[in-house]
There are 2 protein chains.
Amino acid sequence: MDAPQKAQIGRPRGFDADDALEQAMLLFWKQGYEGASLTELEAAMGITRKSMYAAFGNKEELFLKALQRYTVGPAAYSFESLRQPTARQVATMFLAGSVRSSTWPGGPAGCMGVQGALSTGEAGRVVRDTLAVWRDGGRAALLDRFRQSVDEGDLPPTSDPEVLARYVMTVANGIAVQAAGGATREELQQVADAALKSWPPA
Amino acid sequence: MDAPQKAQIGRPRGFDADDALEQAMLLFWKQGYEGASLTELEAAMGITRKSMYAAFGNKEELFLKALQRYTVGPAAYSFESLRQPTARQVATMFLAGSVRSSTWPGGPAGCMGVQGALSTGEAGRVVRDTLAVWRDGGRAALLDRFRQSVDEGDLPPTSDPEVLARYVMTVANGIAVQAAGGATREELQQVADAALKSWPPA
DNA sequence: CACGTTCAGCACTGATCGGTGCCGAAAAAG
DNA sequence: CTTTTTCGGCACCGATCAGTGCTGAACGTG
């Protein structure tokens, strides 16, 4: 996308765009889209407002780029979990990753995809809808994976991949809310374990 | 508290305070604390800004009063569920109530206690913290009830009421997030059913 | 009647919102 | 060199934010 293919005429950028985006992500994660002001963002990113606009567009685009970074960073556990050999292991790793990411020491509690913009006024409609699509994409990925497990036999043919996928996603969303409210990693891992007690046997 | 005990000198209030508070609750529920502006609130409540301040204080107090109304209204299922005779029935009714309230036709999707202010800037700190306490109060109430069930024998002595209470609350929170993203009542009731599949036998 | 309160409405405050314009300087490419 | 781009900084934009002051009338009580 933004590969350094251009000839780069002119003064080069004086800050690390990835670093700045990381800081923006952390602030959006902690305070939400509406709760993070441009003034706070430029302080966190360590650059001026002009540089921010030149590099990332406007606040909405900045959030969406921060979300991309969140997806391949703190939320990367979701993709890794899909590569597990059985549905049970997928679900186990997905929830464990959700717990770990939501309670990362020193990082914001919870999930950016949940609390970034769960409900907003009209000004945040695009971001809110984008996050809803983002979350549903995770559910759809689990669904595909669980369908594969039914085909391969590590989920019984009587099981319903639709329900299982939404169930796992619902527990993960709940874990994010709990973490945002101060629940600890140990407490939430116990919840994740409890949630998998009824997983269909192979 | 606000019983009509005062002699009521002067012109009587020209609007129904309960009605107005109901409309404020619905807007906060739909758009969150930061996302609902005073201009939108006065339009929804059908009163002027002056009357709103005279009757409810400021925006923060208005939200907290709307939360009280939410608690005894759309969230009343939580108290009703606690009166069920067994822990299993408590959990079943709690989750079913969460599903119904989060997907009420014509009402805002989700749970005001979750999306009202899950993460905010500094301006919403009080409201955000209050909601976290509110949610944890629900968990604590479930915990007390499940401890009672262990004593009474409808939960096995080996079960952990702490984990069970947080598990039920986590699933309810996840249901709220799912509903906010557009999940239907039927889909979420299936999730609630799945969540209870592993409930400890009496 | 007078008194006290609320009415509707509108202008208004200071602050902050997201977003721009302009500046001269600095640093790269050609 | 010139050209091009970004730099830091700061004033500034119109709009909106939460919250207030003021007005004159309406409507109750004693």
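A, B, ... follow the sequence lines: proteins, then strands. Residue 1 opens every chain.
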K.L.:
What parts of residues 19-46 of chain B reach DNA chain D, counting only heavy atoms under 4.0 Å away?
P.N.:
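Residues of residues 19-46 of chain B under 4.0 Å from DNA chain D: B/A36, B/S37, B/L38, B/T39.
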
K.L.:
Is a donor on one side and an acceptor on the other found under 3.5 Å between the side chain of A/R135 and the backbone of A/M169?
P.N.:
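Not at all, since once roles are kept as given, no pair shorter than 3.5 Å links the two residues.
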
K.L.:
Under a 3.5 Å distance rule, please check whether A/R125 uses its side chain to pair with a backbone N or O of A/T120 as donor and acceptor.
P.N.:
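No, because the side chain of A/R125 does not come within donor-acceptor range (under 3.5 Å) of the backbone of A/T120.
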
K.L.:
Quick one: which residue pairs count as a salt bridge (charged side-chain N to carboxylate O under 4.0 Å, His left out) with a foot in residues 68-79 of chain A, not counting sequence neighbours?
P.N.:
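Counting only pairs at least two positions apart or across chains, the salt bridge (charged side-chain N to carboxylate O under 4.0 Å, His left out) contacts touching residues 68-79 of chain A are A/D18-A/R69, A/E22-A/R69.
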
K.L.:
Given B/Q189 and B/D193, is the side chain to side chain donor-acceptor pair (under 3.5 Å) satisfied, shown in steps?
P.N.:
CA-CA 6 Å; B/Q189 185 56 53; B/D193 293 343; 3.0 Å; yes

K.L.:
Ignoring hydrogens and angles, tell me if any N or O in the side chain of A/K59 forms a donor-acceptor pair with the backbone of A/Y33 under 3.5 Å.
P.N.:
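Yes; at least one donor-acceptor contact below 3.5 Å.
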
K.L.:
Counting only N and O atoms by type, is there a donor-acceptor contact under 3.5 Å from the side chain of B/Q115 to the main-chain atoms of A/L118?
P.N.:
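It does not hold such a pair.
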
K.L.:
Round to a whole Å and report the spacing from CD1 of B/I47 to C1' of C/dG9.
P.N.:
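Distance check: B/I47 CD1 to C/dG9 C1' gives 14 Å.
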
K.L.:
Is it the case that the side chain of A/K197 and the backbone of B/P200 share a donor-acceptor pair, with hydrogens and angles ignored and the cut-off at 3.5 Å?
P.N.:
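A pair under 3.5 Å: no.
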
K.L.:
Using modelled atom types and a 3.5 Å cut-off, is there a donor and acceptor pairing between side-chain atoms of B/W199 and backbone atoms of B/Q89?
P.N.:
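A pair under 3.5 Å: no.
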
K.L.:
Under a 4.0 Å heavy-atom cut-off, which of residues 48-64 of chain A touch DNA chain D?
P.N.:
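Output list: A/T48, A/K50, A/S51.
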
